[in-house]
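Structure first, commentary second.
Note that the structure is predicted; figures quoted are calculated from it, not measured. In listed order, ligands and their atoms are each counted from 1.
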Amino acid sequence: MRIVLRSNPLIEFPDLTVHCDGNKGDINFMSHAHSDHVFARAKNVLSSEQTLALASERFKRFAIEHYQKEDARFSLLDNGHVLGSKALLVKHDKRVLYTSDFTLKSRNFLKGFRPPKAEVLIIESTFGKPHYEFPDFNAVMREARDRIDDELKKGKHVSLIGYALGKAQHLMQLAGTFGAVSVEKGIGAINDVYRKQGVMLPEHVDLGSRESEVSVIPNPRFAQKKSVTLGFSGWAADGYYAMSRGVNDAFMVSDHADFYELVKTVKKVSPEKVFVWHGFSEEFAAFLRVEGFDAVALQKNQHMLANFH
Ligand SMILES: [Zn+2]
Ligand SMILES: [Zn+2]
C-alpha cells in the first residue's frame, strides 16, 4: 500500500483507494464538517450523521452522490474534535488509522479520542512543537468565567471569540451561565444543528440584543463597541496571539491535541509506520524519529510507501 497527499491523505491499496477528507477515492471519508475537510460532489462518502447534517447546513451546495455505510472494513471512532467528528480505522490486510483533527481531552458533551492499535498511523500535527502544552480545559474555563464575571461587575459587555463550528458551542456553555447569549448568525445556525442532534446548549439571541451582556462571535470585528474581547485558541500558547488577533486577552483552549497528546497517541497506537500531516509535520516527524518511530511528514503529491507487500 502507499499513501499520497492529495489535499489530504489518499490511502492506496492495490484493490481499494480511500481518500481521507477528499473526493478522489473509491471510498471517500469525511471526518468532520470544517471547510478543509468537506468536499462537495464526492461519491461513496463515509461519514457520521452529525457531520452530514453540519456540512449540509454550512455549505449550501453540499451534496453527496452516494452514502457509504460503515462495514467490516471500516470503523469510525469518536475523536473528540467537534460534534460528529471521527477518526477512521481501515482494516485491509494492515490496520491503517487516520486520526484527522483530534484531541484526547473530553470537553463538555464531547468524549476525547481513545486511540486503537494500528500498523500504519496517519496523524495530524497542528500543534506538533513542544511549547504547545495546553492546560486542563475545565481549569481554563473557570479562569475565563471569573474574568467574565469581573468585567460584567464593572458594567462591561464581553465578547467571546472562537470559530463557529466547535469552539463556539463550548463558549455557549460558558456564556450561558451569565444569562442570555447573543451570537453571530452563522454560530446561531450551527447551535441549532447541535440542538437537533441532542446537545443541550443555552438559548441564544441575535447580536445587538439589549437583554444580553455576553456575545459569542467568530471574529473580533463582530464585537460591539467597547466590548471586552476574549479569544479562545490553542495558538494563545504563542505569547503574541492576543495582539495579532486584535483581542484584549486570550485563553488557551483547543479542539486539537497539544504536542504531548500527539506523542501519547503515537505511543498508544504503537505503529510500524507513521505519516504526519497538517501543521508542524516536519518538526513532529523529526521528533518521532528521535523517539525511535519510523515517521515521515507527508509531502504534496509525493508517494510514500508503507513498505508492505
Ligand atoms: Zn477541524
Ligand atoms: Zn483541519
Ring pair (Phe, Tyr, Trp, His ring centres under 6.0 Å), paired with His278, selected from His37, His256, His34: His37
His34, N/O/S atom nearest the Zn ion (ligand 1): ND1
Centroid-centroid distance, Phe284 to Phe127, less than 6.0 Å: no
Output field: ring centroids Phe287/Phe259 closer than 6.0 Å: yes
Atom of Asp101 nearest the Zn ion (ligand 1) (restricted to N/O/S, atom name only): OD2
Proximal heteroatom of His278 relative to the Zn ion (ligand 2) (N/O/S): NE2
Ring geometry between Trp235 and Tyr132 (parallel below 30°, tilted from 30 to 60°, perpendicular above 60°): perpendicular
Angle subtended at the Zn ion (ligand 1) by His32 NE2 and His81 NE2, rounded to 10 degrees: 100°
